[in-house]
Amino acid sequence: MNEDFAPLLVAWQRQHGRHGLPWHGTRDPYRVWLSEIMLQQTQVATVRAYYLRFLARFPTVGELAAAPLDEVLALWAGLGYYSRARNLHACAQAVAALGGFPRTAAALAELPGIGPSTARAIAAFCFDERLSIFDGNVQRVLARLLAFDEDLSGTRAVRALWAQADALVPARAADMPAYTQGLMDLGAGLCTPRSPDCAACPVASLCQARAQGRVGELPRKTKKLKRGRRESWWLWLRREPDGALWLQQRAATGIWAGLWTLPLFDTEADLQAVVPGAVLEPLPQIQHALTHLDWCLHPRRAAWQGQAAPLPEGRWVAPADWPAYGMPAPLQKLLA
DNA sequence: AAATCGGGGTG
DNA sequence: CACCCAGATTT
């Protein structure tokens, strides 16, 4: 098994794997790093356009490091997990100070936003380091390949499977990029969570879950995700006659960290208290799902006359300036 | 170990 | 609707 798996996967990747994505065909650690951060918990189709915009605006890590954080956040807006953007900027500055990216996974993992799996992806793609990535794809592919039936909700099981993953990497370091890409291509294209295409799998002959008829049961994960609920009222204050919007910047941590939004309130009474005389126009409520939260947003629109500030925090932003302000996805849709 | 942190794609 | 995605960080 340990000797047979990697050559089969590498050969399959070179012939049938993905090669045309914007971050493929390079070993530039800046480009690989940027793609890996964006791809954390985020699908390829979503990342593509963001990646191209980032690369066009910041062709080098130095230019990213020199940019204002607000501009990075504005470019990131809509992609989610905004601590990634903050860490991206901090990491770029650290790398610029170092004079370049470190060349080992261990050193890469010391940088902000680069965890153990991302560090190994960069090290494998750029520097041929013989260590395995361990993302969701790999957990699924290897749990099936090895019929690993421990519960991957626990750290013990994860460590055990990861150690097995490291034992499977190719003997030749030069094969690490194709191997690493192959693991992800296999997980994304064939060894999918539901209805995997075992008939097309290059390692079906080695797959122990398939031999045991247990592909559908693996990997095991008992961790139940339970979402809380929250309700908020959203004050859409529109200044007459120029249509400027009152926006507030979110705190540096928490939901939508660093982004700009309409003022949020826990109750409609709290919202009305800010604009005592105003007529509130109720707009259809918005259901917004976060990983740990079902959020029901109630937009209330009102007109505002004059230049005065309605709230102590925030500022008027004219429509022409909106693109420079990073807004969360539901607000982008609301304003569209 | 558990919680936090987005948004969209998928069956 | 639930589950997943080229996870990391904080508590």
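Naming: A, B, ... by sequence-line order, numbering from 1 per chain.
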*List the steps and the verdict of side chain to side chain contact (heavy atoms under 4.5 Å, CB included) for Leu283(A) and Arg300(A).*
CA-CA 6 Å; Leu283(A) 299 172; Arg300(A) 294 290 183 269; over 6 Å; no

*Which residue lies more 5' along DNA chain B, comparing Pro330(A) with Ser153(A) via nearest heavy atoms*: Ser153(A)

*Considering just the side-chain nitrogens and oxygens of Tyr81(A), establish if one lies under 4.0 Å of OP1 or OP2 belonging to dT4(B).*
no

*asked:* Categorize Gly154(A) for me: base, sugar-phosphate, or nothing, with a 4.0 angstrom heavy-atom threshold over every strand shown.
replied: nothing

_Is the distance from the ring center of Trp234(A) to that of Phe265(A) below 6.0 Å?_
no

*asked:* At 4.0 Å (heavy atoms only), tell me whether Lys333(A) reaches a base, stays on the sugar-phosphate, or touches nothing.
replied: sugar-phosphate

*Over how many whole Å does the gap from Arg84(A) atom CZ to dG6(B) atom C1' extend?*
8 Å

*asked:* So, does Trp256(A) get its side chain near the phosphate of dG7(B), meaning an N or O under 4.0 Å from OP1 or OP2?
replied: yes

*With sequence neighbours excluded, give me every salt bridge (Lys or Arg N to Asp or Glu O under 4.0 Å) pair touching residues 201-218 of chain A.*
Asp149(A)-Arg214(A), Arg214(A)-Glu217(A)

*Starting at atom CZ of Arg194(A), determine the distance to atom P of dC4(C), rounded to an integer number of angstrom.*
8 Å

_On DNA chain C, does the nearest nucleotide to Met184(A) precede the nearest nucleotide to Ile114(A) from the 5' side, or the other way round? Give the residue._
Met184(A)

_Non-hydrogen side-chain atoms of Trp233(A) and Leu264(A) separated by less than 4.5 Å_ = no

*Any His288(A) side-chain nitrogen or oxygen under 4.0 Å from OP1 or OP2 of dG6(B)*: no

*asked:* On the side chain of Thr42(A), is there an atom forming a donor-acceptor pair with the base of dG7(B) - under 3.5 Å, no angle test?
replied: no

*In whole angstrom, what separates Leu259(A)'s CG from dG7(B)'s C1'?*
13 Å

*How long is the line joining CZ of Arg227(A) and P of dA2(C), in whole Å?*
7 Å

*Using the P atom in both, what is the distance from dG9(B) to dA8(C), to the nearest Å?*
23 Å

*Hey, is the side chain of His292(A) poking within less than 4.0 Å of OP1 or OP2 on dC5(B), counting only N and O atoms?*
yes

*Looking across every strand, which nucleic acid part, if any, lies under 4.0 Å from Ser117(A) by heavy atom: base, sugar-phosphate, or nothing?*
sugar-phosphate

*So, Gln249(A) and Asp70(A): side-chain donor and acceptor under 3.5 Å apart, yes or no?*
yes

_dT9(C) and dG8(B), which share atom name P, separated by this distance in whole Å_ = 24 Å

*Would you mind telling me which residue lines up with the more 5' stretch of DNA chain C, Ser35(A) or Gly113(A), judged by nearest nucleotide?*
Ser35(A)

*Does the side chain of Thr222(A) come under 3.5 Å of the side chain of Asp151(A) through a donor N or O and an acceptor N or O?*
yes

*asked:* Please determine whether a side-chain nitrogen of the Lys or Arg among Asp135(A) and Arg120(A) lies less than 4.0 Å from a carboxylate oxygen of the Asp or Glu.
replied: no

*So what does Arg86(A) hit on the nucleic acid, given a heavy-atom distance under 4.0 Å: a base, only sugar-phosphate, or nothing?*
nothing

*So, Arg227(A) versus Thr291(A): side-chain donor-acceptor pair below 3.5 Å or not?*
no

*Using a 4.0 Å heavy-atom cut-off across all strands, classify Gly254(A) as base, sugar-phosphate, or nothing.*
sugar-phosphate

*asked:* Can you see if the side chain of Thr118(A) gets near the phosphate of dA8(C) - specifically, an N or O under 4.0 Å from OP1 or OP2?
replied: yes

*Between the side chains of Thr118(A) and Gln40(A), does any donor sit under 3.5 Å from an acceptor?*
yes

*What integer number of Å spans the C1' atoms of dA3(B) and dA6(C)?*
23 Å

*Has Lys226(A) got a side-chain N or O lying under 4.0 Å from the OP1 or OP2 atom of dA2(C)?*
no

*How many Å lie between NZ on Lys223(A) and C1' on dC4(C), as a whole number?*
12 Å

_Counting the atoms with a prime plus P, OP1 and OP2 as sugar-phosphate, which does Trp23(A) contact under 4.0 Å by heavy atoms, base, sugar-phosphate, or nothing?_
base

*Which parts of residues 119-145 of chain A get close to DNA chain C, meaning a heavy atom less than 4.0 angstrom away?*
Asp135(A), Gly136(A), Asn137(A), Arg140(A)

*Quick one: does Thr46(A) reach the base of dG7(B) with a side-chain donor-acceptor pair under 3.5 Å?*
no

*Looking only at side-chain N and O atoms, does Gln41(A) come under 4.0 Å of OP1 or OP2 in dG7(C)?*
yes

